[in-house]
Trainee: 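Questions regarding the structure given below will be posed in turn.
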2 protein chains.
Amino acid sequence: MSHGGLQPFVSPSHQADNRLLSPRVALRETPWLTAVADKTLDVLAGHAVLHRIPAGSMLFEQAETPTFAQILVAGSVELLGVRGNDETRIERVYPIDMLLPAAVLTRQPYLLRARVLDEAHLLMIQAEAFLHAVAQDHALCLAVLACQAVQFRRQVKQAKNVRLRSAEERVGCYLLRLHEGAPPGVPARLPLNKRQIAAELGMTRETFSRTLGAIARRGLRIDGDIVIVDDPVAAHTGFSLDPLIDGAEPIQPLATKGTEG
Amino acid sequence: MSHGGLQPFVSPSHQADNRLLSPRVALRETPWLTAVADKTLDVLAGHAVLHRIPAGSMLFEQAETPTFAQILVAGSVELLGVRGNDETRIERVYPIDMLLPAAVLTRQPYLLRARVLDEAHLLMIQAEAFLHAVAQDHALCLAVLACQAVQFRRQVKQAKNVRLRSAEERVGCYLLRLHEGAPPGVPARLPLNKRQIAAELGMTRETFSRTLGAIARRGLRIDGDIVIVDDPVAAHTGFSLDPLIDGAEPIQPLATKGTEG
DNA sequence: TCCCAGCCTTGATCTGGATCAATGCAGCCT
DNA sequence: AGGCTGCATTGATCCAGATCAAGGCTGGGA
């Protein structure tokens with residue numbers, strides 16, 4: 001299972017409970033840290049705790065200065081831009097990923113509020129210890145760089161999706177993508193409730209709902225929470241997936257090709 | 001002069017012509033590379049060329065795979081999301097900064113098109129050599145990480161600005177920011193023509209123009225290209241600058257505080 | 001001097017999507 | 001049963017900002 005874009009949310013209880021008992025184990029099992037030496041992970045683990053945070057909790061507030069580097073091990077988290085009483089969702093974070101490493105790295109205040117959507121398992125590493133480790137361990141630095149680069153690209157894709165496509169196209173492409181992603185024969189299911197999908201796609205629930213009605217014309221339909229493509233041809237004509245928008249953006253190690261020096 | 005957000009565009013001819021003759025010198029004079037060893041810069045310089053590219057040129061196209069890591073030394077560049085004939089401006093890049101390091105680092109295709117706005121002095125380093133150097137040199141890796149983190153935060157600020165504020169507020173805050181940024185006594189000037197400011201603020205030129213008319217009510221006005229604050233109180237009541245949106249985001253080295261290990 | 005190309009402004013109109021407001025429809029608790 | 005809470009649909013209306021369409025102003029070139 002990749003951790004790119006549209007994960008079904010895994011029930012956290014079965015995923016993490018037994019295996020991720022300690023920070024040390026959590027670190028070792030983080031795929032994009034595989035290249036990092038045990039010694040460094042030991043150090044990090046020494047300054048870390050593993051917390052389970054219930055849905056609805058606020059992890060940090062806009063303008064706070066980060067005291068921990070946080071790695072989301074299970075569950076999910078939303079990042080919101082806040083202004084007075086208005087909130088706008090900027091990003092949804094899926095495991096295994098860091099929460100706003102940019103703020104931690106630059107020692108600047110968070111630009112966003114973080115709230116738990118599905119019970120989160122969080123690996124919290126003291127910010128200073130984390131920074132020190134990044135400054136000491138080249139492999140760790142490379143891993144964080146990869147993580148940060150991918151987050152940047154996800155942002156750009158999101159911006160393109162919202163600004164270059166109409167609401168209807170976003171919905172169509174989203175469903176189509178789910179459908180393509182599902183194993184052949186198995187019908188695709190909505191991985192989230194509709195309210196959250198709407199937020200993901202940058203529109204209100206009402207607009208999402210209406211749009212779902214409208215795209216029936218294009219051979220795309222929802223029954224309960226499963227996606228039905230009545231007319232594949234019409235669907236693909238109306239909505240063309242673009243890898244530069246819809247493609248997953250998984251965190252990969254920054255490997256050097258060819259001969260090593 | 002910081003390289004955060006709202007630079008006046010410096011005439012490239014006087015800034016760079018004599019000093020930045022060679023890639024080697026350009027690298028050494030890049031502020032956020034100061035911590036990188038000469039040896040590494042030598043290697044990079046060995047795989048680099050310094051180019052001067054006229055306004056209007058396309059540097060790379062969406063979906064291309066990066067062959068160079070590009071550092072903008074002087075001039076300016078816009079990054080555009082493209083879909084058919086539609087373009088949407090995602091970002092404007094000011095020197096000294098990298099152009100989409102995320103694509104180079106992840107070896108993925110560019111998500112955006114890059115076009116020169118003001119004649120650009122570009123340091124172009126072969127992608128593989130650059131990646132290799134990042135993989136070899138910890139200090140360089142840290143520098144690139146800092147650069148990438150800042151770019152991420154700029155994106156987030158841009159998103160907040162557009163989604164949390166009305167067109168009128170964006171214009172008001174932009175002008176106010178210019179005004180605050182200017183040395184006391186000296187009137188602030190528009191650093192760009194209005195068309196480009198409009199794009200920067202995520203609106204059409206027409207809307208920008210109308211909005212300029214509208215905010216006269218709030219004690220803010222443009223005369224020619226200088227910003228006049230007729231009524232500071234009204235202006236600050238109507239438009240409150242938020243450091244989490246309007247603050248500059250300069251590229252700084254990722255220093256470790258306190259004792260070194 | 002005329003002409004033309006770039007900018008900017010101004011007006012009229014359109015519209016995608018938000019907002020406000022009801023209603024339906026589960027599941028769940030007591 | 002009832003009543004509550006949270007989600008989803010559906011309809012009516014609104015509005016910020018885009019779009020389309022004319023001008024106006026400035027500077028430059030022959």
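Everything numeric here is computed off the predicted structure, so don't read it as measured data. Chain letters run A, B, ... following the sequence lines, proteins first and then strands; every chain starts at 1.
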Trainee: Does the distance from a Lys or Arg side-chain N to an Asp or Glu carboxylate O, for B:R92 and B:D118, drop under 4.0 Å?
Mentor: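 So B:R92 pairs with B:D118 through a salt bridge.
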
Trainee: What residues, two or more places apart in sequence or in another chain, satisfy side chain to side chain donor-acceptor pair (under 3.5 Å) together with B:T211?
Mentor: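 With neighbours one apart ignored, the set is empty.
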
Trainee: Got a salt bridge between A:R154 and A:D97, using NZ or NE/NH1/NH2 to carboxylate O under 4.0 Å?
Mentor: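 Looking at A:R154 and A:D97, the cut-off is met.
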
Trainee: Taking heavy atoms of chain B and a 4.0 Å limit, find me the 5'-most and 3'-most nucleotide of DNA chain C within that range.
Mentor: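 So the contact region on DNA chain C extends C:dC7 to C:dA12.
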
Trainee: Can you pull the salt bridge (charged side-chain N to carboxylate O under 4.0 Å, His left out) pairs that have at least one residue in residues 211-222 of chain B, sequence neighbours excluded?
Mentor: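 Listed by first then second residue: B:E168-B:R217, B:R221-B:D230.
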
Trainee: Suppose we screen for side chain to side chain donor-acceptor pair (under 3.5 Å). Which residues come up paired with B:R195, at least two apart in sequence or across chains?
Mentor: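 So B:R195 forms no side chain to side chain donor-acceptor pair (under 3.5 Å) with any residue.
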
Trainee: So which of residues 222-230 of chain A are in contact with DNA chain C, with a heavy-atom cut-off of under 4.0 Å?
Mentor: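 By residue number: none to list.
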
Trainee: Mind grabbing the angle between the end helix axes of the helix from C:dT1-D:dA30 to C:dT30-D:dA1? Five pairs an end, 10° rounding.
Mentor: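 If I round to tens, the end axes sit 10° apart.
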
Trainee: Under the rule for side-chain contact (heavy atoms from CB on, under 4.5 Å), what residues qualify as partners of A:T65, not counting sequence neighbours?
Mentor: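 By the side-chain contact (heavy atoms from CB on, under 4.5 Å) rule, A:T65 matches no residue at all.
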
Trainee: What pairs with A:S240 under side-chain contact (heavy atoms from CB on, under 4.5 Å), at least two apart in sequence or on another chain?
Mentor: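 None.
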
Trainee: Do B:E61 and B:R113 meet the salt-bridge criterion of a basic N to acidic O distance under 4.0 Å?
Mentor: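 Judged by the 4.0 Å cut-off on N to carboxylate O distance, B:R113 and B:E61 do form a salt bridge.
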
Trainee: Report the distance from atom CD of A:Q196 to atom P of D:dG6, rounded to the nearest whole Å.
Mentor: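 Nearest whole value for this atom pair: 14 Å.
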
Trainee: Aromatic ring centroids of A:Y110 and A:F60 under 6.0 Å?
Mentor: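 Yes, they do, as the ring centres are separated by less than 6.0 Å.
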
Trainee: Sequence neighbours left out, what pairs pass salt bridge (charged side-chain N to carboxylate O under 4.0 Å, His left out) with at least one residue falling in residues 75-84 of chain B?
Mentor: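 Qualifying pairs, neighbours excluded: A:E169-B:R83, B:E78-B:R89, B:E78-B:R115.
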
Trainee: Does a nitrogen or oxygen in the side chain of B:T204 sit under 4.0 Å from OP1 or OP2 of D:dG17?
Mentor: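 Answer no for this pair, as no side-chain N or O of B:T204 is under 4.0 Å from OP1 or OP2.
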
Trainee: Quick one about A:K160 and B:Q62 (side-chain donor to acceptor, distance below 3.5 Å, no hydrogens or angles considered), yes or no?
Mentor: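 A:K160 and B:Q62 do have a side-chain donor-acceptor pair below 3.5 Å.
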
Trainee: Along nucleotides 9-16 of chain D, 5' to 3', which nucleotides get a B, which get an S, and which get a -, given that the test is a protein heavy-atom distance under 4.0 Å?
Mentor: SBBB----

Trainee: Looking at residues at least two apart in the chain, or sitting in another chain, which of them share a side chain to side chain donor-acceptor pair (under 3.5 Å) with A:R170?
Mentor: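 Counting only residues at least two positions away or on another chain, A:R170 forms no side chain to side chain donor-acceptor pair (under 3.5 Å).
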
Trainee: Which residues pass the side-chain contact (heavy atoms from CB on, under 4.5 Å) test with A:T30, not counting sequence neighbours?
Mentor: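 Expected list: A:W32, A:L33, A:I96.
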
